[in-house]
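As structure tokens, the structure follows; a few thoughts come after it.
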Amino acid sequence: MTFQVLKSTLQEVNVSISFLHMSNPACKLQDTSELYASVTLTHENHTLCGTKIQVNGSHLIYTNELSTNTVNQRAEVPSSIISRTSSIRIGFSCVYRYDRVVSLPFPLLTSAGLATFMVNEGEFNVTMTLYPTAEYLEPYNRPPVIPLNQRLYVQLQIHGHSPQTYFTLKLEECWATPWADHGSMVRHLIIRDGIANDSTTDLIDSGNWSLSRFSLLMFHFIQYEEVYLHCRIWLCQYNATQCHQQPRLERTKRELSDPYRKVVSCGPVKLEGSVRTSMEEPESGLEALIFAGSFAAGIVLLILSTVAFAKALKKMTALRSRANPAHVELLL
């Protein structure tokens, strides 16, 4: 966020650039170009410079002000009760939509999931990614096809400016559904209150507070071919007491609406056997079509051959009748 002031305007009111600062006098206006003096707020310094953050249901608002340094003004004159420098106080704010929609002109074939948190500490993303091995090196770059009982590795990670400085990523619940709706009543519970609920699930300690990992054996829902994974996550303030409290079986309404808690989903994951079966069906249909076409072609060829033979026989009979009329009468 950059705030600029025309130098010519400051000269008209007889204000030196060095007198202007943010809410925190340590953050001063800088002489950055021939026309403008400016100050830039980033995720690293906006809190230090006294920026106030407001979050509502639709927007994120950063507010600060630019004002003159009265202490330096008084130092210019002998008396502390008068000043010949204009007093300036300019309030400003930068407003961002809480939710934004972006799109691409082509589909993305990926199984990874993403949840965005807009909180007082800034904007943070949490990704949910699937991996084929316990080394967590190369994720699946498209929806994976996995054999039954093969182990699937899952990683959730916070992305943003120094997330370990602010948060510990907690997995409250994880479950699977046969379709993308995380609220589906058809579900298989994998993790409950941070504890493995599925007997094949292993919770993996990575030593990094900003990510969580677990693995489980691949399964399928009866009469369904796809599996989607969902996790309810909590960005818990780092070293906060409640992060280490014992899990509770029920959540309050306040906790469920907490902006530091969200559901992230990924998928689909397909069972290898079901995909093979669906691929074989078109081949079987094609074979039947080829057989039917070959049979029809054979019938047509037989009819054409019969007609040609009949025409040839008729022509031979006509020639013989001209050469030997008596023979023809005898035959008749």
Side-chain angles (χ1 to χ4, degrees), residues 107-116 125-159 168-234 247 249 251 261-285:
L108 290 176
L109 298 177
T110 178
S111 60
L114 174 70
T116 300
N125 293 319
V126 175
T127 56
M128 186 176 184
T129 315
L130 306 179
Y131 290 82
T133 64
E135 287 73 26
Y136 289 90
L137 297 176
E138 293 293 333
Y140 289 106
N141 56 11
R142 60 178 57 241
V145 180
I146 302 177
L148 196 64
N149 286 318
Q150 177 174 307
R151 190 159 286 275
L152 176 65
Y153 296 86
V154 185
Q155 174 176 286
L156 295 97
Q157 184 172 10
I158 309 174
H159 302 272
T168 296
L169 181 61
K170 304 287 285 187
L171 292 184
E172 294 190 316
E173 257 187 327
C174 292
W175 64 96
T177 61
W179 44 74
D181 180 14
H182 67 79
S184 169
M185 298 303 295
V186 180
R187 61 173 59 190
H188 172 63
L189 195 58
I190 299 171
I191 296 174
R192 181 180 176 85
D193 293 305
I195 301 173
N197 189 75
D198 182 294
S199 60
T200 70
T201 299
D202 291 333
L203 300 178
I204 303 170
D205 184 7
S206 65
N208 186 341
W209 294 110
S210 65
L211 64 84
S212 295
R213 291 172 174 173
F214 68 91
S215 69
L216 73 160
L217 293 183
M218 183 60 188
F219 62 92
H220 72 98
F221 288 95
I222 299 174
Q223 299 181 346
Y224 298 98
E225 296 182 355
E226 296 180 340
V227 174
Y228 290 82
L229 298 177
H230 317 274
C231 284
R232 188 182 305 281
I233 54 180
W234 177 24
L249 297 180
R251 304 288 175 189
R261 286 179 166 91
K262 282 194 176 183
V263 174
V264 60
S265 304
C266 71
V269 181
K270 296 187 177 182
L271 187 65
E272 188 176 68
S274 63
V275 174
R276 188 186 300 117
T277 302
S278 64
M279 292 174 64
E280 287 174 351
E281 291 176 358
E283 294 178 5
S284 300

Measuring only between side-chain heavy atoms, which start at C-beta, is [X] closer than 4.5 Å to [Y]?
{"X": "V269", "Y": "P144", "result": "yes"}
{"X": "V227", "Y": "M218", "result": "yes"}
{"X": "K262", "Y": "V126", "result": "no"}
{"X": "V154", "Y": "I190", "result": "no"}
{"X": "L156", "Y": "F214", "result": "yes"}
{"X": "L211", "Y": "Y136", "result": "no"}
{"X": "Y153", "Y": "E135", "result": "no"}
{"X": "H182", "Y": "Y228", "result": "no"}

By salt bridge (charged side-chain N to carboxylate O under 4.0 Å, His left out) - contacts of R151 (at least two apart): D202
Roughly how far apart are [X] [atom1] and [Y] [atom2], rounded to 0.5 Å?
{"X": "H188", "Y": "W175", "atom1": "NE2", "atom2": "CH2", "value": "13.5 Å"}
{"X": "R213", "Y": "T129", "atom1": "CZ", "atom2": "OG1", "value": "10.5 Å"}
{"X": "I233", "Y": "L171", "atom1": "CD1", "atom2": "CG", "value": "8.0 Å"}
{"X": "H230", "Y": "T177", "atom1": "NE2", "atom2": "OG1", "value": "3.0 Å"}
{"X": "E138", "Y": "T133", "atom1": "CD", "atom2": "OG1", "value": "9.0 Å"}
{"X": "S265", "Y": "R232", "atom1": "OG", "atom2": "CZ", "value": "10.0 Å"}

What are the two closest non-hydrogen atoms of [X] and [Y], and how far apart are they?
{"X": "C266", "Y": "L130", "answer": "SG-CD2, 3.7 Å"}
{"X": "P178", "Y": "V186", "answer": "CD-O, 3.3 Å"}
{"X": "V264", "Y": "G113", "answer": "CG2-C, 3.9 Å"}
{"X": "P143", "Y": "P268", "answer": "CB-O, 3.4 Å"}
{"X": "G207", "Y": "D205", "answer": "N-OD1, 3.1 Å"}
{"X": "E272", "Y": "V145", "answer": "CA-CG1, 3.4 Å"}

Aromatic plane relationship, F221 with F219 - under 30° parallel, 30 to 60° tilted, over 60° perpendicular: perpendicular
Residue from D198, L203, N197, L216 passing side chain to side chain contact (heavy atoms under 4.5 Å, CB included) with I191: L203
Donor-acceptor under 3.5 Å (K270 side chain, E225 main chain): no
Stepwise side chain to side chain contact (heavy atoms under 4.5 Å, CB included) check, E173 with L189: CA-CA 8 Å; E173 257 187 327; L189 195 58; 4.0 Å; yes
